[in-house]
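For reference, the structure is listed below as structure tokens.
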Amino acid sequence: MNQKVRVRFAPSPTGGLHLGGVRTVLYNYLFARSLGGDFVLRIEDTDQSRFVPGAEEYILQCLQWCGLEPDEGPQKPGLYGPYRQSERKALGFYQRHAEALIQKGHAYYAFDTPTELEQMRAAYKTPENPSPQYDHRLRGSMKNSLALPAEETRQLLDAGTPYVIRIKVDPDETIGFTDLIRGDVHFNTSQIDDKVLLKADGMPTYHLAVVVDDFLMKITHAFRGEEWLPSAPVHLLLWRWLFGEENMPRWAHLPLILKPDGNGKLSKRDGDRLGFPVFAMNWSDPKTNELTKGFREMGFLPEAFVNMLAMLGWNDGSGREVFTLDELVGAFSLERVHKNGAKFDFEKARWFNHEWIRKEPVSKYKGLVKELFQQQGILAEGLPPHDKQGKPGGETVGGTGADAGADAGNAHGDLHFEKVLELVRERCTLLTDFVPQSSFFFKAPATLDTASVLPKWNEGKKRFFAQLVLQMELLHSWEAETLEKEFKEIAAADQIKPGDVLLPFRVMLVGGKFGPGVFEIATLLGQAETIRRIRHGLGVFN
RNA sequence: GGCCCGUUGGUCAAGCGGUUAAGACACCGGCCUCUCACGCCGGUUACGCGAGUUCGAUUCUCGCACGGGCUACCA
């Protein structure tokens, strides 16, 4: 009754970790945390043909990135190991239970070869029944221990003939269970086929493994995608015969995440096609070397990714959308999980990220942004950027302004770097946006948007900027307010509307028509660099 | 084909017998403004269809339609 809540995420190590997979983890996690339960990671590597090296480590890294780390798993064994099904198979966990089912008359040996199965399907296929099943109707005419004389079965077994073990589902019974999300669900056993439980290689299929492992690992609540609903009756039967239906975990079949356009469930292909990630992190297939982009590398904050996923199929009813993981733990309830699938909307995902970039302290992600700058060659570790550009040492202004502070590699530079991020963050949707939005702070623009300036460029403006440079050089304080005041005074003296020279000023500093307020920019740029850029701009425009 | 699940604006969704049917994203106007963004104001767009139950159905029931999932020695 009052047993401890235990949930599990049981992925197959076959490739990248899909959005839907992460959401399943998330709901598992939220449910377990909110009830003080355990969250277990179990690796379902029973299909050798689909096993991909590195996939397990990758999954773990994804969970770490998302902040959804399991309490137990292959790398953190608890009392219910091992946590890889291949290892559990080696211990005979599954074979034993499959045999037990045969003893009880609920399973049987089947010797049909893959070719024979194909032949059967071809032979019985009709327009009304396009996919004939190996079931109570057909098993009598197949090669199995139910149809064959006992003697022949023994001989086949003794001869080492490859076999599988199939569940024996008897017809005409209605079985059902109460799904935590969907309510009562019923099935008629006449529709259920004799699924393979143990494969010829001795590995269990998902059906046997999930039941045996959930029992052995004392799983109390099992979440999985809706695509599993049709096989739930098989699992229910297995529970009934093996461990008792009353011990079966409560099931919760989660709605699917669908393609944004058209219909069907979201696949990696859709992401490639529509230009957005589907995997949590970059995944490169070891066989094909094909690289698939992940949300992380695309510039998403894990907090935003998780938040977005949580809202895809659940909400707290209040209209609130932005939640931290801890807040989600507090607010989450299975009753409010939707039944219907949701089309994935990348725009909305971007919006969540934007919210999080604005919400989090920049210190939380400045390291990531710094890396992006370094990748682009805009910032080098430990080197003041302007020096790196080969400015003559003598020209370096000691102690004042941006030059001394632009080095993001030391404490002082760090502060400057944070100020820059602070200034541009609200126009960044993805972390990668910081590069185009603020690289001009560290590297003078390579080209200036002359098209926006030249048509209206004249002698008056030329004079104004020459005057501005002179005045700036005399300034002892370098703050946005005084700058703006100075700027406007010169304009007034020259009978120029400030609005007319603001845009050229901006273009000189950043290269184009974008960015935060010009005086804020100039402040962070520093006196020397600002003057330098104005001079350069004058050279270009004249 | 069969079985199962689902169906509120373009998308995510609130609603749980009586509402002018929330809100968010997107979109379209406007304001703010040195640019871009933010912010603010405003706008377009929805209960799949048909029966029933009821004084009254978006809400309950049943059909239909549509969408989705499954139908492997894959998970």
Specify the separation, in whole Å, of atom [atom1] of [X] and atom [atom2] of [N].
X: A:Glu426; N: B:C32; atom1: CD; atom2: P; value: 18 Å
X: A:Met308; N: B:A24; atom1: CE; atom2: C1'; value: 15 Å
X: A:Glu44; N: B:A75; atom1: CD; atom2: P; value: 8 Å
X: A:Trp228; N: B:G68; atom1: CH2; atom2: C1'; value: 17 Å
X: A:Gln133; N: B:A72; atom1: CD; atom2: C1'; value: 11 Å
X: A:Arg506; N: B:C36; atom1: CZ; atom2: P; value: 9 Å
X: A:Asn188; N: B:C3; atom1: CG; atom2: C1'; value: 10 Å

Residues [X] and [Y] bridged, charged N to O under 4.0 Å:
X: A:Arg84; Y: A:Asp45; result: no
X: A:Arg8; Y: A:Asp213; result: no
X: A:Lys168; Y: A:Asp170; result: yes
X: A:Asp270; Y: A:Lys265; result: no

By nearest atom, which of the nucleotides [options] is closest to the [X] side chain?
X: A:Arg121; options: B:G69, B:G23, B:A72; value: B:A72
X: A:Lys513; options: B:A75, B:U35, B:A24; value: B:U35
X: A:Leu117; options: B:A24, B:C73, B:A75; value: B:C73
X: A:Val196; options: B:C73, B:A13, B:C38; value: B:C73
X: A:Leu502; options: B:U71, B:C34, B:C73; value: B:C34
X: A:Pro114; options: B:C73, B:G1, B:A75; value: B:C73
X: A:Ser131; options: B:C34, B:U71, B:A75; value: B:U71
X: A:Glu227; options: B:G2, B:G69, B:C25; value: B:G69
X: A:Asn340; options: B:A75, B:C73, B:U8; value: B:U8
X: A:Ala342; options: B:C73, B:C12, B:C74; value: B:C12

Which part of the nucleic acid, if any, lies within reach of [X] when heavy atoms closer than 4.0 Å are counted: base, sugar-phosphate only, or nothing?
X: A:His18; answer: nothing
X: A:Pro130; answer: base
X: A:Gly225; answer: nothing
X: A:Val507; answer: nothing
X: A:Gln191; answer: sugar-phosphate
X: A:Met203; answer: nothing
X: A:Gly512; answer: nothing
X: A:Pro11; answer: nothing
X: A:Thr14; answer: nothing
X: A:Arg166; answer: sugar-phosphate
X: A:Gly499; answer: nothing

[atom1] atom, [N] versus [M]: distance in rounded Å?
N: B:C60; M: B:C28; atom1: P; value: 37 Å
N: B:C40; M: B:A24; atom1: P; value: 10 Å
N: B:C47; M: B:C25; atom1: P; value: 23 Å
N: B:U61; M: B:C74; atom1: P; value: 40 Å
N: B:C62; M: B:A57; atom1: C1'; value: 15 Å
N: B:U20; M: B:G63; atom1: C1'; value: 33 Å
N: B:G67; M: B:A22; atom1: P; value: 29 Å
N: B:G15; M: B:U58; atom1: C1'; value: 9 Å

Using a cut-off of less than 4.0 Å, is there contact between a side-chain N or O of [X] and OP1 or OP2 of [N]?
X: A:Lys199; N: B:C74; result: yes
X: A:Arg336; N: B:G15; result: yes
X: A:Arg50; N: B:A75; result: no
X: A:His338; N: B:A14; result: yes
X: A:Asn315; N: B:A14; result: yes

Got a donor-acceptor pair under 3.5 Å from the side chain of A:Arg427 to the base of B:C38?
no
Taking N and O atoms by type only, does the side chain of A:Lys348 place a donor or acceptor under 3.5 Å from a partner on the base of B:A26?
no
Nearest-nucleotide wise, let me know which of A:Asp201 and A:Asp345 is further upstream toward the 5' end of RNA chain B.
A:Asp345
Using heavy atoms to find the nearest nucleotide of RNA chain B for A:Phe344 and A:Arg358 separately, return the residue whose nucleotide is more 5′.
A:Phe344
Decide if the gap between the ring center of [X] and the ring center of [Y] is smaller than 6.0 angstrom.
X: A:Phe9; Y: A:Phe223; answer: no
X: A:Phe440; Y: A:Phe514; answer: yes
X: A:Phe541; Y: A:Phe465; answer: no

Which one is paired to [N], where only Watson-Crick or G-U wobble pairs with both distances under 3.5 angstrom count?
N: B:U61; answer: B:A51
N: B:A75; answer: none
N: B:U20; answer: none
N: B:G6; answer: B:C66

Go through the steps to decide whether A:Val196 and A:Tyr134 satisfy the test side chain to side chain contact (heavy atoms under 4.5 Å, CB included), and finish with yes or no.
CA-CA 10 Å; A:Val196 170; A:Tyr134 200 121; over 6 Å; no
Against the six-membered ring of A:Trp457, is A:Lys461 placed for a cation-pi contact (under 6.0 Å from the centre, within 45° of the normal)?
no
So, taking the atom named CZ in A:Phe177 and the one named NE2 in A:His235, what distance separates them when rounded to the nearest 0.5 Å?
10.0 Å
